A.B. asks: 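My questions all concern the structure below.
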Protein chains: 2
Amino acid sequence: MGGSEIRRTMPLFPIGIVMQLADLTARQIRYYEEHELISPARTEGNRRLFSLNDIDRLLEIKDLLEQGINMAGIKKILAVNHMESADSDLVAKKPELSDEQLRTLLKKEMLSPGKISRSSLRAGDLSRFFR
Amino acid sequence: MGGSEIRRTMPLFPIGIVMQLADLTARQIRYYEEHELISPARTEGNRRLFSLNDIDRLLEIKDLLEQGINMAGIKKILAVNHMESADSDLVAKKPELSDEQLRTLLKKEMLSPGKISRSSLRAGDLSRFFR
DNA sequence: AATATTATGTTAGCTTTTCTAACGTGAAAT
DNA sequence: ATTTCACGTTAGAAAAGCTAACATAATATT
């Protein structure tokens, strides 16, 4: 739970979509969870909900597997990756915004439809899937 | 369908998530679809799948409704909005990437986990929900 | 070589989520 | 006084996801 890494952790995607985005079977995804390589959120009804971070991890896992590394190895590697990106905060720690605040912000910017302010946005790996 | 407006049109979100993101009931969302204010994609099994653009539109609809405008009015307004952002392409028309190409690209960048290249990314309204 | 482990596939039975269709409703317009 | 509008609510069906269990081809171990 560091810095501005907030929104990429928002649980949004059901497993069906994740299967497509990561090109993995449901079985594989659940297996990686069994081995604690990912920990997707759950709905009230116990359905998995994945965040962008989760999907990133799945892509990493997939890649590492293709390189012949096994669960144990991948777990170590991903742990290290986590370390690295954790407290190396040179980044300003922005205050966390509530959903409501976000929505009101959105509404304001939305009424001028065409010019979209490039404000305080940083983009990462998977965001590439959007836009 | 112009320019680089490609990925924002990717059908990703089930209605349950959209309800949360846009703070709307399922009934409302379906009602707006009945009135052709949105046209979300469908899965093989006929479940709605919303894109980021769809969610943007829903937020616009919500806002316009709160301003006392009715379906007919909103339809007109959204039509205009579409016009504006349509062929005013000063933006370079990048070649469309396939999912496979995207994934391979991702994999390559992913192996250096820390430095994320800020390459050719532009961000819009709802992307704010992520990151 | 025989056996065990890994990373999946497959199937079954069950629960959650979403779907359409229909009827109900308060506020506003006519 | 009635319609119309923008929803709420409910019912019944179907899709999508869940866990648990057994099956299996490769690979590793003994």
Side-chain angles (χ1 to χ4, degrees), chain A residues 10-52 54-55 57-79 103 107, chain B residues 10-52 54-55 57-79 103 107:
Chain A
M10 188 179 247
L12 289 174
F13 307 97
I15 201 170
I17 293 295
V18 176
M19 290 170 62
Q20 294 187 109
L21 290 180
D23 193 34
L24 293 167
T25 68
R27 182 63 162 103
Q28 288 175 303
I29 296 172
R30 296 192 191 112
Y31 185 70
Y32 305 151
E33 188 186 13
E34 266 184 51
H35 287 263
E36 300 175 282
L37 301 182
I38 46 168
S39 307
R42 299 284 183 134
T43 66
E44 280 192 19
N46 200 40
R47 267 83 240 268
R48 269 167 269 256
L49 276 189
F50 299 78
S51 66
L52 288 175
D54 290 328
I55 301 178
R57 288 204 121 211
L58 285 173
L59 291 172
E60 296 189 60
I61 294 167
K62 192 189 180 187
D63 196 283
L64 294 171
L65 268 170
E66 280 166 8
Q67 293 177 48
I69 304 168
N70 67 6
M71 295 292 115
I74 296 179
K75 193 166 183 178
K76 286 279 183 191
I77 294 173
L78 290 187
R103 268 194 294 269
K107 272 193 286 185
Chain B
M10 189 179 247
L12 289 174
F13 309 97
I15 202 170
I17 293 295
V18 176
M19 290 171 62
Q20 293 187 111
L21 290 180
D23 193 33
L24 292 168
T25 68
R27 182 63 164 103
Q28 287 175 305
I29 297 171
R30 297 193 190 110
Y31 185 71
Y32 306 150
E33 187 187 13
E34 269 183 49
H35 287 265
E36 298 176 283
L37 301 182
I38 47 168
S39 306
R42 300 284 184 133
T43 65
E44 279 193 19
N46 201 39
R47 268 83 237 269
R48 268 167 269 254
L49 277 189
F50 299 78
S51 67
L52 288 175
D54 289 328
I55 300 179
R57 288 203 121 212
L58 285 173
L59 290 172
E60 296 190 60
I61 294 168
K62 191 188 180 187
D63 196 283
L64 293 171
L65 267 170
E66 280 166 10
Q67 293 176 47
I69 304 168
N70 66 8
M71 294 293 114
I74 296 178
K75 194 165 184 179
K76 286 280 184 189
I77 293 172
L78 291 187
R103 268 193 294 270
K107 272 192 285 185

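Given the structure is predicted, the values throughout are model-derived calculations rather than measurements. By convention in this document, chain letters (A, B, ...) are assigned in the order of the sequence lines, proteins followed by strands, and residues within each chain are numbered from 1.
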A.B. asks: Which heavy-atom pair separates B/Arg57 from B/Ala79 by the least distance, and what is that distance?
C.D. replies: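 Result for this residue pair: NH2-N, 4.4 Å.
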A.B. asks: Write down the distance between CD1 (A/Ile69) and P (D/dT27), rounded to a whole number of angstrom.
C.D. replies: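 Result: 16 Å.
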A.B. asks: Over all heavy atoms of both residues, which pair between A/Leu59 and A/Ala22 is shortest? Give the atoms and the distance, please.
C.D. replies: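 Answer, listing the atom of A/Leu59 first, then A/Ala22: CD2-CA, 3.9 Å.
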A.B. asks: So does A/Thr25 get a side-chain nitrogen or oxygen closer than 4.0 Å to the phosphate oxygens (OP1/OP2) of C/dG9?
C.D. replies: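 So the side-chain polar atoms of A/Thr25 do come within 4.0 Å of the phosphate oxygens OP1 or OP2 of C/dG9, strictly under.
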A.B. asks: In whole angstroms, how far is the C1' atom of D/dC7 from the CG atom of B/Leu37?
C.D. replies: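 Going from B/Leu37 (CG) to D/dC7 (C1'), I get 14 Å.
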A.B. asks: Would you kindly give the CD1-to-P distance between A/Ile29 and D/dG17, to the nearest whole Å?
C.D. replies: 10 Å
A.B. asks: Measure CD1/A/Ile61 against P/C/dT6 and give the value in whole Å, please.
C.D. replies: 17 Å
A.B. asks: Using a cut-off of 4.0 Å between protein heavy atoms and nucleotide atoms, how would you tag nucleotides 18-30 of chain C 5' to 3' with B, S and -?
C.D. replies: BBB----------
A.B. asks: Taking all non-hydrogen atoms of both residues into account, name the closest pair between B/Asp54 and B/Phe50 and its distance.
C.D. replies: OD2-CA, 3.5 Å
A.B. asks: Roughly, in whole Å, what's the span from CG in B/Leu65 to C1' in D/dC7?
C.D. replies: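 Between C1' of D/dC7 and CG of B/Leu65: 10 Å.
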A.B. asks: Kindly say if A/Tyr32 contacts the phosphate of C/dA7, meaning a side-chain N or O under 4.0 Å from OP1 or OP2.
C.D. replies: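 False: A/Tyr32 side-chain N/O out of range (4.0 Å or more) of C/dA7 OP1/OP2.
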A.B. asks: Rounded to the nearest angstrom, tell me the gap between atom CD in B/Gln28 and atom P in D/dT9.
C.D. replies: 11 Å
A.B. asks: Step by step, work out the salt bridge (charged side-chain N to carboxylate O under 4.0 Å, His left out) result for A/Arg42 and A/Glu33.
C.D. replies: CA-CA 12 Å; A/Arg42 299 284 183 134; A/Glu33 188 186 13; 3.4 Å; yes
A.B. asks: Rounded to the nearest angstrom, tell me the gap between atom CE in B/Met71 and atom C1' in D/dC7.
C.D. replies: 9 Å
A.B. asks: To check you understand the geometry: which heavy-atom pair defines the closest contact between B/Ile69 and B/Ile77, and what is its length?
C.D. replies: CD1-CD1, 3.8 Å
A.B. asks: If only side-chain N and O atoms of A/Tyr31 are considered, is one of them under 4.0 Å from the OP1 or OP2 phosphate oxygen of C/dA7?
C.D. replies: yes
A.B. asks: Could you report the tightest heavy-atom contact between B/Ala26 and B/Met19, atom names first, then the distance?
C.D. replies: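 Between these two residues, the closest heavy atoms are N-CE, 3.7 Å.
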A.B. asks: Out of C/dT16, C/dT6, D/dG8, which has the shortest distance to the side chain of A/Thr43?
C.D. replies: C/dT16
A.B. asks: Using whole Å, what does the distance between atom C1' of nucleotide D/dA16 and atom CZ of B/Phe13 come to?
C.D. replies: 18 Å
A.B. asks: Is it the case that atom CD in B/Glu34 sees more than 12 heavy atoms from other parts of the structure closer than 6.0 Å?
C.D. replies: yes
